[in-house]
Amino acid sequence: MAASSSFVPTVLLSLVLVLEVIVPRSEARPRAFFVFGDSLVDNGNNNYLQTVARANAPPYGIDYPTHRPTGRFSNGFNIPDFISQELGAESTMPYSSPDLTRENLLVGANFASAGVGILNDTGDHFMNIIKMHKQLENFKEYQQRMSSLIGISRTKRLVNEALILITVGGNDFVNNYFLVNSTARSRQYPLPDYVNFLISRYRKHLQKLYDLGGRRVIVTGTGPMGCAPAELAMRGKNGECSSELQRAAALYNPQLEQMIVELNSKIGTVIFIAANTALMHNDFITNPKAYGFDTSKVACCGQGPYNGMGLCLPISNLCPNRELHVFWDAFHPTEKTNKLVVQQIMSGSANYMNPINLSTVLAMDARPHS
């Protein structure tokens, strides 16, 4: 009997060791992360497109670890990079990259494309950008690729457990409705009606994300668009933010948040989380000194008033210390600003993150399911 009783734990130990070799250790892998939207979150997809909406020349990327441009519209990391760091994961790669391998696909993917909006006609003048409907088609294609690698059920689980970020909407104003003094959309709709139209279209995109398996989706609003250096240079008066674009943001962001509440209510659980990025950025704009900035008006890189005219180029004015600027270029925040935004996404109160912040999401999802 003594021999047989010692045999049982030996067999069990051997079985455990064998299973550890056979069963993929997916539990140890950080959750996948998927990114959709525009230049605020594009990390290089547009580098592979014939478009003017690209950030593939210096001084973009000057503070990135490689000190080289990556396609991010930033001096360094952008918002998705900092979220990936919070997840304990590598940054997602652009879905357009030919270097996207099996291992990289397990991390997730970035589908975002600079210049796009909620509407299909937004950003047409940039040419060859990946519109929102195509980004969602690419997400479906991603799942097909993963299914062939790890199977349908594991792919479904990977997507259901993933975190998703979507940042889109600002271009529908600055690169559509307000692009010039009179646009097709501004002639078609008074501003309040245009906002309603945008919200109804956005709801369809979010519903599609849910239908494709998204179960944890952070949805950012627009920032205070009228306070970007480009708008101070073109539309502002005496350094004041553009009142028409500020009105647009004031109309749009509350309706977006309300639509998210309604969508969650319809589904019956919290899927979509509203990130009030307008309020986050407004903190830096109204009181930059409190966050260690010198200026929230002058971009670090550019030319003309507030460095807000044209693109950031090798010949542009370049500030010596990016830590002192809220804005990197005419429209996009610096790496430091992006990091501060992600800190609010992680731990912000209900004023900033409705109904819950990302730290709460991660804690909830880490609990074992009964």
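From a predicted model like this one, the values you see are computed outputs, not experimental measurements. For the numbers below, each heavy atom of this structure counts, side chains included, while hydrogens, waters and symmetry mates do not. In this chain, numbering begins with 1 at the start of the sequence shown.
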Exercise for the section: Could you tell me whether the side chains of D329 and Y60 share a donor-acceptor contact shorter than 3.5 Å? Expected result: yes
Exercise for the section: Decide yes or no on salt bridge (Lys or Arg N to Asp or Glu O under 4.0 Å) for R157 and E161, but give the supporting numbers first. Expected result: CA-CA 6 Å; R157 181 180 170 190; E161 293 180 352; 3.1 Å; yes
Exercise for the section: For residues V41 and T220, determine if any side-chain heavy atom of one lies less than 4.5 Å from a side-chain heavy atom of the other. Expected result: no
Handout entry: Results of side-chain contact (heavy atoms from CB on, under 4.5 Å) for D124 - residues two or more places apart only
Key = D121, K131
Practice task
Test V326 against T334 for side-chain contact (heavy atoms from CB on, under 4.5 Å), laying out the working first.
Solution key: CA-CA 6 Å; V326 172; T334 55; 5.7 Å; no
Practice task
Look only at the side chain of N321 and the backbone of E323, and say whether a donor-acceptor pair between them is shorter than 3.5 Å.
Solution key: yes
Problem - Short side-chain to backbone donor-acceptor contact, Y306 and E231, under 3.5 Å - result: no
Exercise for the section: Carefully, step by step, assess F34 and L212 under the rule side-chain contact (heavy atoms from CB on, under 4.5 Å). Expected result: CA-CA 12 Å; F34 300 103; L212 288 170; over 6 Å; no
Handout entry: Heavy-atom pair with the smallest gap, counting every atom of P59 and P314
Key = CD-N, 4.0 Å
Practice task
Please name the pair of heavy atoms, one in P80 and one in L165, separated by the smallest distance, quoted to 0.1 Å.
Solution key: CG-CD2, 4.1 Å
Exercise for the section: State, with a plain yes or no, whether a side-chain heavy atom of F178 is found less than 4.5 Å away from one of R235. Expected result: yes
Practice task
Answer whether the closest heavy-atom distance between the side chains of M259 and P254 falls below 4.5 Å.
Solution key: no
Problem - I130/F111 under side-chain contact (heavy atoms from CB on, under 4.5 Å): CA gap, chis, key distance, verdict - result: CA-CA 8 Å; I130 308 169; F111 302 96; over 6 Å; no
Exercise for the section: Assign the ring pair Y291 / F293 to parallel, tilted or perpendicular, where the plane angle (0 to 90°) is split at 30° and 60°. Expected result: tilted
Problem - Spacing of CG belonging to L136 relative to NZ belonging to K140, to within rounding of 0.5 Å - result: 11.0 Å
Handout entry: Exercise: do E257 and N253 side chains pair donor with acceptor under 3.5 Å
Key = no
Problem - Path from L119 to M127 over hydrophobic side-chain contacts below 4.5 Å - result: no
Exercise for the section: Output yes when a side-chain donor or acceptor of S97 lies under 3.5 Å from a complementary backbone atom of M93, and no otherwise. Expected result: no
Practice task
Taking the side chain as every heavy atom from C-beta outward, state whether R203 and I260 have any atom pair closer than 4.5 Å.
Solution key: no
Problem - Any side-chain donor near an acceptor of the partner, T155 and Q143, under 3.5 Å - result: no
Completion exercise
In terms of heavy-atom contacts, F327 and C227 come closest through CE1-O, 3.9 Å
Exercise for the section: Say whether I118 and L191 are linked into one hydrophobic cluster, either directly or through other cluster members, by side-chain heavy-atom distances under 4.5 angstrom. Expected result: yes
Handout entry: Distance-only side-chain donor-acceptor flag, S113 / D38, under 3.5 Å
Key = no
Handout entry: Heavy atoms of other groups near I356 CD1, more than 12 under 6.0 Å
Key = yes
Practice task
Taking the side chain as every heavy atom from C-beta outward, state whether P355 and V270 have any atom pair closer than 4.5 Å.
Solution key: yes
Handout entry: Worked check of side-chain contact (heavy atoms from CB on, under 4.5 Å) between I83 and L358
Key = CA-CA 9 Å; I83 291 177; L358 184 52; 4.3 Å; yes
Practice task
Would you mind telling me which of V116, T51, L49 makes a side-chain contact (heavy atoms from CB on, under 4.5 Å) with F126?
Solution key: T51
Fill in the blank from the handout: For C241 and Q246 the tightest heavy-atom approach is CB-CG, 3.9 Å
Handout entry: pair W328-T337: side-chain heavy atoms closer than 4.5 Å
Key = no
Practice task
Say whether E141 and Y95, considering side chains only, have a donor N or O and an acceptor N or O under 3.5 Å apart.
Solution key: yes
Problem - Residues K339 and E335 bridged, charged N to O under 4.0 Å - result: no
Handout entry: F36 with L87, same ILVMFWY side-chain cluster at under 4.5 Å
Key = no
Handout entry: Qualifying residues under side-chain contact (heavy atoms from CB on, under 4.5 Å), relative to A114, sequence neighbours excluded
Key = S39, D42, N46, A53, F73
Problem - N45 side chain vs N110 backbone, donor-acceptor pair below 3.5 Å - result: yes
Practice task
Indicate whether any N or O donor in one side chain lies under 3.5 Å from an N or O acceptor in the other, for R185 and T183.
Solution key: no
Exercise for the section: Output the distance between atom OG (S182) and atom OH (Y177), rounded to the nearest 0.5 Å. Expected result: 9.5 Å
Exercise for the section: Taking N47 for its side chain and T70 for its backbone only, find out whether a donor-acceptor pair lies under 3.5 Å. Expected result: yes
Problem - Gap between atom OG of S349 and atom CG of N354 - 0.5 Å precision - result: 10.0 Å
Practice task
Please lay out, stage by stage, how C301 and C312 fare under the test disulfide bond (SG atoms under 2.5 Å apart).
Solution key: CA-CA 5 Å; C301 181; C312 173; 2.0 Å; yes
Handout entry: Modelled atom types, side-chain donor and acceptor of S347 and S359, under 3.5 Å
Key = no
Problem - Flag side-chain contact, heavy atom, 4.5 Å: D365 against R31 - result: yes
Fill in the blank from the handout: dist R72:CZ -> I79:CD1 (nearest 0.5 Å) comes out at 12.5 Å
Handout entry: Heavy-atom donor-acceptor pair, K336 side chain to G292 backbone, under 3.5 Å
Key = yes
Completion exercise
On a heavy-atom basis, the closest approach of A278 and P224 is O-CD, 3.8 Å
Problem - Nearest-0.5 Å distance, CD1 of residue I62 to OG of residue S74 - result: 11.0 Å
Exercise for the section: Looking only at non-hydrogen atoms, find the nearest pair between P333 and N338 and report the distance. Expected result: CG-OD1, 3.4 Å
Exercise for the section: May I ask you to check whether over 12 heavy atoms, not counting those of E90, lie within 6.0 Å of atom CD? Expected result: no
Exercise for the section: Look only at the side chain of Q303 and the backbone of L311, and say whether a donor-acceptor pair between them is shorter than 3.5 Å. Expected result: yes
Practice task
Group every Ile, Leu, Val, Met, Phe, Trp and Tyr by side-chain heavy-atom contacts under 4.5 Å, then state whether L313 and L318 land in the same group.
Solution key: no
Exercise for the section: Indicate yes or no for a side-chain donor-acceptor contact from T122 to the backbone of G117 under 3.5 Å, with no hydrogens or angles considered. Expected result: no
Completion exercise
Interatomic distance, CD@Q343 vs CD1@I345, rounded to 0.5 Å, equals 10.5 Å
Practice task
Ignoring hydrogens and angles, tell me if any N or O in the side chain of Y194 forms a donor-acceptor pair with the backbone of D172 under 3.5 Å.
Solution key: yes
Exercise for the section: In plain terms, say whether K289 and D294 are close enough for a salt bridge, that is, a side-chain N and a carboxylate O under 4.0 Å apart. Expected result: yes
Practice task
Hey, can you tell me if H205 and Y202 have their rings parallel, tilted or perpendicular (30° and 60° cut-offs)?
Solution key: perpendicular
Problem - Polar contact flag, side-chain donor to acceptor under 3.5 angstrom, D283-Y352 - result: yes
Exercise for the section: Evaluate the side-chain proximity of N120 to M132: yes if any heavy-atom separation is below 4.5 Å, no if none is. Expected result: no
Handout entry: Side-chain donor-acceptor pair present, S84, D81, cut-off under 3.5 Å
Key = no
Practice task
Establish, from distance only, whether the side-chain atoms of N307 and N317 form a donor-acceptor pair under 3.5 Å.
Solution key: yes
Exercise for the section: Could you tell me whether R215 sits above the aromatic face of Y210, with NZ or CZ closer than 6.0 angstrom to the six-membered ring centre and within 45 degrees of the axis? Expected result: yes
